[in-house]
> 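Let me begin by handing over the structure; questions about it come next.
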Amino acid sequence: MGMKDQFQDKAEQWQQQAKQKAEQAKEQAQQRGRHQDEETERLQQEEQDRFDQDYDA
């Protein structure tokens, strides 16, 4: 295997690694977004419950 082939193989490996890391980062961002949405929804529900209790009293 010549040096050209070695460099080409290494470049392809780096491209593949970059794609994998980008995909992982995308998945992590989506998971954080879902977690934040759930937390926001929970907090809004708690606030609505407190509001309802205030008017029931």
Side-chain angles (χ1 to χ4, degrees):
M1 184 184 289
M3 287 186 65
K4 180 181 177 184
D5 292 334
Q6 289 178 349
F7 284 119
Q8 190 170 3
D9 288 346
K10 194 55 107 169
E12 289 173 3
Q13 287 176 356
W14 286 338
Q15 284 181 330
Q16 188 62 30
Q17 287 176 350
K19 285 180 185 180
Q20 289 174 349
K21 287 183 180 186
E23 184 64 31
Q24 287 174 349
K26 181 180 174 183
E27 289 173 6
Q28 288 174 351
Q30 288 175 343
Q31 288 174 352
R32 281 194 301 271
R34 272 186 246 125
H35 178 70
Q36 288 174 345
D37 290 346
E38 291 169 359
E39 183 69 13
T40 300
E41 186 175 328
R42 183 184 65 78
L43 291 172
Q44 287 174 341
Q45 184 62 44
E46 287 176 3
E47 186 65 29
Q48 184 65 42
D49 291 346
R50 275 190 237 111
F51 180 79
D52 291 344
Q53 286 175 353
D54 288 345
Y55 278 96
D56 288 343

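Quantities reported herein were computed from a predicted structural model and do not represent experimental measurements. For the numbers below, each heavy atom of this structure counts, side chains included, while hydrogens, waters and symmetry mates do not.
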> Quick one: side-chain hydrogen bond (donor to acceptor under 3.5 Å, both in side chains) pairs with a partner in residues 37-51, sequence neighbours left out?
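Qualifying pairs, neighbours excluded: Glu39-Arg42, Arg42-Glu46, Gln45-Asp49, Glu47-Arg50, Gln48-Asp52.
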> Side chains of Asp9 and Gln6: closer than 4.5 Å at any heavy-atom pair?
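Not touching, per the 4.5 Å side-chain cut-off.
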> Taking ring-ring contact (aromatic ring centres under 6.0 Å, His included) as the definition, give me every residue that meets it alongside Phe7, ordered by chain and number, with sequence neighbours left out.
none
> Any pair with a residue in residues 14-26 that passes side-chain hydrogen bond (donor to acceptor under 3.5 Å, both in side chains), sequence neighbours left out, goes on the list, sorted by first then second residue, please.
none
